[in-house]
Amino acid sequence: MLDFTFSVIEDENQRNELAEFYINHKNKLYSIAFSRLHNKEDAEDAVQEAFSRISDKPDRFFNIQLEKRRIAYVNVMVRNIAIDIFNSKNKYVMTDIDEEEITDSSDISLDDRLLEDISRDELVEFVDKLPPLQRNVLILTCFVKISIDETASKLNISKKAANWRLYLARKSIKEFVSKRINNL
């Protein structure tokens with residue numbers, strides 16, 4: 001598969017240099033990915049994805065003159081891809097609970113009872129007052145229920161920025177709920 005990946009590089013010297021780099025460093029790169037993923041196939045996928053990305057934009061790789069910096073560049077790339085793979089495979093799945101499934105209100109915690117006192121309209125009003133950048137990420141991920149990757153793509157921002165904005169929005173909501181509960 002990597003032969004095909006390398007074949008998209010038009011310059012034969014670059015193609016050969018990248019293939020040699022792969023041969024010389026594949027074990028270390030695989031180790032980096034495996035240390036994060038603990039799965040042989042996923043680690044191989046992470047290394048392959050890194051070289052696929054390099055092949056798509058070879059100038060980034062070949063503009064790095066020092067071999068040690070190239071190694072560091074690819075190490076970081078493999079690590080980040082491995083983290084993305086791990087995160088995508090370990091997402092929490094949220095399911096809706098029907099009201100019929102809740103049978104005994106004595107099982108509901110005090111915090112849950114207090115949260116019931118915060119009306120939906122108050123919460124919606126608070127979300128509407130969030131900064132637009134945070135509000136958009138929150139709405140897309142939590143209400144429209146699209147992934148953080150899709151959210152970042154739709155908003156033309158990086159995944160890191162989308163995650164940060166979602167974190168800030170959730171933090172603001174948590175503070176709002178805490179203040180509201182304390183005032184009850």
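Throughout, numbering of the chain's residues begins at 1 and tracks the sequence.
- We find the CD1-CZ distance between I85 and R36 to be 12.5 Å, quoted to the nearest 0.5 Å.
- Contact between A162 and V137 at its shortest, heavy atoms only, is O-CG1, 3.4 Å.
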task = Step by step, work out the salt bridge (charged side-chain N to carboxylate O under 4.0 Å, His left out) result for E49 and R53.
result = CA-CA 6 Å; E49 176 63 22; R53 289 181 188 182; 2.9 Å; yes

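- Relative orientation of the F176 and F126 rings is parallel, given thresholds of 30° and 60° on the angle between their planes.
- Looking only at distances, no side-chain donor or acceptor of S153 sits under 3.5 Å from a matching main-chain atom of D149.
- If you take OG on S158 and CZ on R165, they are separated by 8.0 Å, rounding to the nearest 0.5 Å.
- Minimum heavy-atom separation, V47 to A33: CG2-CB, 4.5 Å.
- Through direct or indirect side-chain contacts shorter than 4.5 Å among Ile, Leu, Val, Met, Phe, Trp and Tyr, L168 is connected to W164, Y167.
- Closest of all the heavy-atom pairs between F62 and R70 is O-NH2, 3.4 Å.
- To the nearest 0.5 Å, atom NZ of residue K160 and atom CD1 of residue I148 are 14.0 Å apart.
- Expressed to the nearest 0.5 Å, how far CD1 of I173 lies from CG of L138 amounts to 4.5 Å.
- Residues F21 and L66 do not share a hydrophobic cluster, defined by chaining ILVMFWY side chains whose heavy atoms lie under 4.5 Å apart.
- The heavy-atom pair separating L37 from A43 by the smallest distance is CD1-N, 3.7 Å.
- How far NZ of K40 is from CG of D45: 12.0 Å, rounded to the nearest 0.5 Å.
- Electrostatic pairing of K154 and E150 does not count as a salt bridge here, judged by no charged N lying under 4.0 Å from a carboxylate O.
- The CZ atom of R60 sits 7.5 Å away from the CE atom of M77 when rounded to the nearest 0.5 Å.
- Aromatic ring orientation, F51 versus Y22: perpendicular (interplanar angle above 60°, classes split at 30° and 60°).
- By the 30° and 60° cut-offs, the orientation of the rings of F34 relative to H38 is perpendicular.
- Under the 4.5 Å side-chain contact rule for hydrophobic residues, I139 and I146 share a cluster.
- Atom CD of E175 sits in a crowded spot, with more than 12 heavy atoms from other residues, nucleotides or ligands closer than 6.0 Å.
- Each of I157 and L133 belongs to its own hydrophobic cluster when Ile, Leu, Val, Met, Phe, Trp and Tyr are linked at side-chain heavy-atom distances under 4.5 angstrom.
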query = Step by step, would you call Q134 with K171 a side chain to side chain contact (heavy atoms under 4.5 Å, CB included)?
reply = CA-CA 11 Å; Q134 293 175 21; K171 182 179 175 187; over 6 Å; no

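- In this structure, the side chains of P58 and L18 stay at 4.5 Å or more apart for every pair of heavy atoms.
- Taking every heavy atom of both residues into account, R135 and D128 meet most closely at NH1-O, 2.8 Å.
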